[in-house]
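Chain A is the first sequence line, chain B the second, and so forth, proteins listed ahead of strands; every chain is numbered from 1.
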Amino acid sequence: MQQIIADAVHAALESLRASWPALEPDRVAFTVQPSSRPEHGDLQTNAAMIAAAQLGARDKRAVAADLAAALTFAPGTIARVEVAGPGFLNFFVDDRYYQDLVARVVAADDDWGRLTLGTGQSVNVEFVSANPTGPLTVGHGRNAVLGDVVARLHEWAGYKVTREYYFNNAGRQMHLLGESVRARYRELLGAPLELPEGGYQGGYIADIAATLRAEQGDELAAADEAVFRGAAERAIFAQIEATCARLGISFDRFFNEQSLYDSGAIQAVLDQLRTHDLAYEADGATWLRGEPLGLDKDRVLVKSSGEPTYRLPDMAYHLDKLGRGYETVIDVFGADHIDTCQEVLAVVRALGGDTERVKVMLYQFVTLTRDGQQVKMSTRQATYETLDGLLDEVGADAVRYFFALRSPTSHMEFDLALALRQANDNPMYYVQYGHARINSILRREEAAALAAEPLDLALLTDEAERALIVAVSRLPEVLARALAEHEPHRLPTYAAEVATAFHQFYDRCPILSAETRALARARLELAQAARICLRNVLAMLGVSAPERM
RNA sequence: GCGCCUGUAGCUCAGUGGAUAGAGCAGCGGCCUUCUAAGCCGAAUGUCGCAGGUUCGAAUCCUGCCAGGCGCGCCA
């Protein structure tokens, strides 16, 4: 409906060009929004006020009246248009449009909400991408959920989606990991504990060492760090994948940074940077020239040890992804990557990469609290909270719903003590309960009998019935906006809106025991549409839609 | 010091330059002989961090300031 009105307004503006020469219809950036109050109709637009400003017209209401007169709608869509307030146009949608929509939703079923705007296009979503140095933390949880929900939203919009995980199993941190495990292993053999400087202290290190001891006995007493590193990597990656699986997440591709060295891609980037005079040698290292790229300072690309910093592979990786032909490449990054991400994209752009296709989804950190006290998260000290632990406490549905619930830019708080009590507090239950309530009606024998009777949706005239249909009708536009803005939280917010409309309808409009059989039949169909809508929203979020609670 | 993010009801947070700023939770008052009360209805709750500016109109845009988070490494 939003689109129908927007198209009509565009057409009306075009038709008014003759009488208003100063008007540039394409530059009238108007919005069509749901009205905030019932007396303002179903939807409203500010188009006349924007146009009036462009025309320099003093009387905005007069412009609005002219625009309203120029609007044309197909029969059975808009019942009437009113000029109101400072120059709004309020649209009152024809009841028939909404009544018919119930049938459309039921017919669409699993496909209600699906869009076609991504048909024929592919998108790559890179997320989680934690190096295998330890179990996933609560912080990774937000990344995982945001990435997977964005991937799901793209699938619902018709895109072909690749879920990708980028990791590095080489370098200093992995070396430290190997040494940490070796130290624990030797401790098990009776040697004094000699953890390396800055080594990993989490309990999982000792667990890996204990497993090695159990499997191989004392044979590794003199083994090289690399042996322990390899074992640790395998164990930790298996755990990371298992944790993701618990969240309903799997990846299509694991991209190893090492492959960029093997293929020569990293050397190629370095060569090109030198060719463009964007790299120079100093102090035994290779530096990136910041100024021509709009960066505040120069950065090291290759350390004096000859080893590249993380930047170079990151640049090669983005060029690789862009070269694979995706229409859109999405990165899900925590707030700590903001600056480096700018550097990488600046270089990619300078080397001819089309960074317009790269969308960076930045999210702020999660503050963990327990019993009112803030919990600090660090992988190297053993003070983090694992995502597995959180899943044990509240379950996958709650983890997904909670992380998807807040805007990525919010510095959200996750209180573990609250999460434990969350059976009563979590807004997810409100939505799931709505779904379960509908199913309990549809399960009844009377419902099956009723469903066979003739359907007359024109009987749906109650305020609560109409409000529920309006809510259900909005799914496609909510999805479109969540996609455009990369804001998954719009879906839980919307789900609550639909659930509220349903609960109000349920309370006010008896279904099976309606005044007449015909009305009962019509309401049953509406309940069916509401069920489909809630189930599909929950599917977009990857949260279960229980039939009983 | 510089960059990015945030500041909205007691708490956690929505809010596309638009009309009287919303939800959940907590608290207060009602509603179960009737399809699931994990629900509904009602009342109450606000210096939209502060101060300027732009605009017909600002929680929203601009500037400055205050507070918190993150970053500014030859770590990733």
- [ ] Ignoring hydrogens and angles, answer whether the base of B/rA19 and the side-chain atoms of A/Q44 contain a donor-acceptor pair closer than 3.5 Å.
- [x] yes
- [ ] Would you please determine if the base of B/rA19 is stacked by A/H40, with stacking meaning a centroid separation under 5.5 angstrom and planes under 30 degrees?
- [x] yes
Open item on the list: Within the structure provided, determine whether A/F333 and A/S129 are in side-chain contact (heavy-atom separation under 4.5 Å).
Closed with: no
Task: Worked check of side-chain hydrogen bond (donor to acceptor under 3.5 Å, both in side chains) between A/Y310 and A/N168 - done: CA-CA 9 Å; A/Y310 62 91; A/N168 177 18; over 6 Å; no
Task: A/E225 CD to A/L176 CG distance, which is reported to the nearest 0.5 Å - done: 9.0 Å
Open item on the list: Categorize A/T309 for me: base, sugar-phosphate, or nothing, with a 4.0 angstrom heavy-atom threshold over every strand shown.
Closed with: sugar-phosphate
Task: d(NZ, A/K297; C1', B/rC72) in whole Å - done: 5 Å
- [ ] Could you state the atom-to-atom distance from CZ of A/R406 to P of B/rU8 in whole Å?
- [x] 13 Å
- [ ] Consider the side chain of A/M49, meaning its heavy atoms from C-beta on, and name the nucleotide among B/rG18, B/rG69, B/rA14 that approaches it most closely.
- [x] B/rG18
Open item on the list: Would you measure the distance from the C1' atom in B/rA23 across to the matching atom in B/rA58 and give it in whole Å?
Closed with: 22 Å
Task: B/rU20 base / A/R37 side chain donor-acceptor hit below 3.5 Å - done: yes
Open item on the list: Please give the distance between the C1' atoms of B/rA59 and B/rU8 as a whole number of Å.
Closed with: 7 Å
TODO: Answer with base, sugar-phosphate or nothing: what part of the nucleic acid does A/E477 contact at a heavy-atom distance below 4.0 Å?
DONE: nothing
Open item on the list: Would you measure the distance from the P atom in B/rG49 across to the matching atom in B/rG7 and give it in whole Å?
Closed with: 7 Å
Task: Spacing of A/E487 atom CD relative to B/rU16 atom C1', expressed in whole Å - done: 10 Å
Open item on the list: Nearest to the side chain of A/A436, heavy atoms from C-beta on, is which of B/rG69, B/rC74, B/rU36?
Closed with: B/rU36
TODO: Return the nearest nucleotide to the side chain of A/H411; candidates are B/rU16, B/rG68, B/rG18.
DONE: B/rG68
Open item on the list: Looking only at the side chains, is there a donor atom on one of A/H140 and A/T137 sitting less than 3.5 Å from an acceptor on the other?
Closed with: yes
Task: First encountered from the 5' end of RNA chain B, between A/I511 and A/E39 - done: A/E39
Open item on the list: So, under a plain 3.5 Å distance rule, would you say the side chain of A/S304 forms a donor-acceptor pair with the base of B/rC74?
Closed with: yes
Task: For B/rC32, glycosidic torsion class - syn if within 90° of 0, otherwise anti - done: syn
Task: Validation row: A/Y433, A/H503 side chains within 4.5 angstrom (heavy atoms) - done: yes
Task: Closest-nucleotide 5' rank along RNA chain B - winner of A/I338 and A/V32 - done: A/I338
- [ ] May I ask you to say what A/D283 touches in the nucleic acid, namely base, sugar-phosphate or nothing, with a heavy-atom cut-off under 4.0 Å?
- [x] base
Task: B/rC74 OP1/OP2 closer than 4.0 Å to side-chain N/O of A/S305 - done: no
Open item on the list: Tell me whether the NZ or CZ atom of A/R437 lies within the 45° cone about the ring axis of A/Y506 and under 6.0 Å from its centre.
Closed with: yes
TODO: Indicate whether OP1 or OP2 belonging to B/rA14 is found under 4.0 Å from a side-chain N or O atom of A/S410.
DONE: yes
TODO: Look at the side chain of A/N426 and the base of B/rA38, then say whether one donor and one acceptor between them are separated by less than 3.5 Å.
DONE: no
Task: Side-chain heavy atoms of A/L288 within contact of A/L293, under 4.5 Å - done: yes
Task: Pairwise P distance for B/rC4 and B/rU12, with rounding to whole Å - done: 26 Å
TODO: State whether a side-chain donor-acceptor pair under 3.5 Å links A/D331 with A/H318.
DONE: yes
TODO: With sequence neighbours excluded, tell me which residues meet salt bridge (Lys or Arg N to Asp or Glu O under 4.0 Å) with A/E281.
DONE: A/R274
Task: Distance, C1' atom - from B/rA43 to B/rG30, rounded to whole angstrom - done: 10 Å
Task: Inter-nucleotide C1' distance (B/rA38, B/rC25), Å rounded - done: 13 Å
Open item on the list: From the set B/rA19, B/rU12, B/rC74, return the single nucleotide nearest to any side-chain atom of A/F88.
Closed with: B/rA19
Task: A/T31 vs B/rU16: side-chain N/O to OP1/OP2 distance below 4.0 Å - done: no
Open item on the list: Would you measure the distance from the C1' atom in B/rU55 across to the matching atom in B/rG18 and give it in whole Å?
Closed with: 12 Å
Open item on the list: If a pair means Watson-Crick or G-U wobble with both distances below 3.5 Å, what does RNA chain B look like in dot-bracket form, with | marking bases paired to a different strand?
Closed with: (((((((..((((....[...))))..((((.......))))......(((((..]....))))))))))))....
TODO: Tell me whether the OP1 or OP2 atom of B/rC35 has a side-chain N or O from A/R523 closer than 4.0 Å.
DONE: no
TODO: Taking only the side-chain heavy atoms of A/K303 (C-beta and beyond), determine which of B/rG15, B/rU36, B/rC74 contains the nearest atom.
DONE: B/rC74
Open item on the list: Quick one, A/L491 and A/L153 - any side-chain contact, counting heavy atoms below 4.5 Å?
Closed with: yes
- [ ] May I have the distance from A/E485 (atom CD) to B/rU16 (atom P), rounded to whole angstrom?
- [x] 8 Å
Open item on the list: Atom CD of residue position A/E463 - does it have more than 12 heavy atoms of other residues, nucleotides or ligands inside 6.0 Å?
Closed with: no
Distances for protein N/O vs nucleotides 39-44 of chain B N/O pairs under 3.5 angstrom?
unit_1: B/rG39; atom_1: O2'; unit_2: A/R437; atom_2: NH1; d: 2.8
unit_1: B/rC40; atom_1: OP1; unit_2: A/Y430; atom_2: OH; d: 2.6
unit_1: B/rC40; atom_1: O2'; unit_2: A/D507; atom_2: OD2; d: 2.6
unit_1: B/rC41; atom_1: OP1; unit_2: A/Q504; atom_2: NE2; d: 2.8

Open item on the list: If the test is side-chain contact (heavy atoms from CB on, under 4.5 Å), which one of A/D314, A/T340, A/V302, A/V300 qualifies with A/T309?
Closed with: A/V300
Task: Separation between the C1' atoms of B/rA51 and B/rA37, rounded to whole Å - done: 49 Å
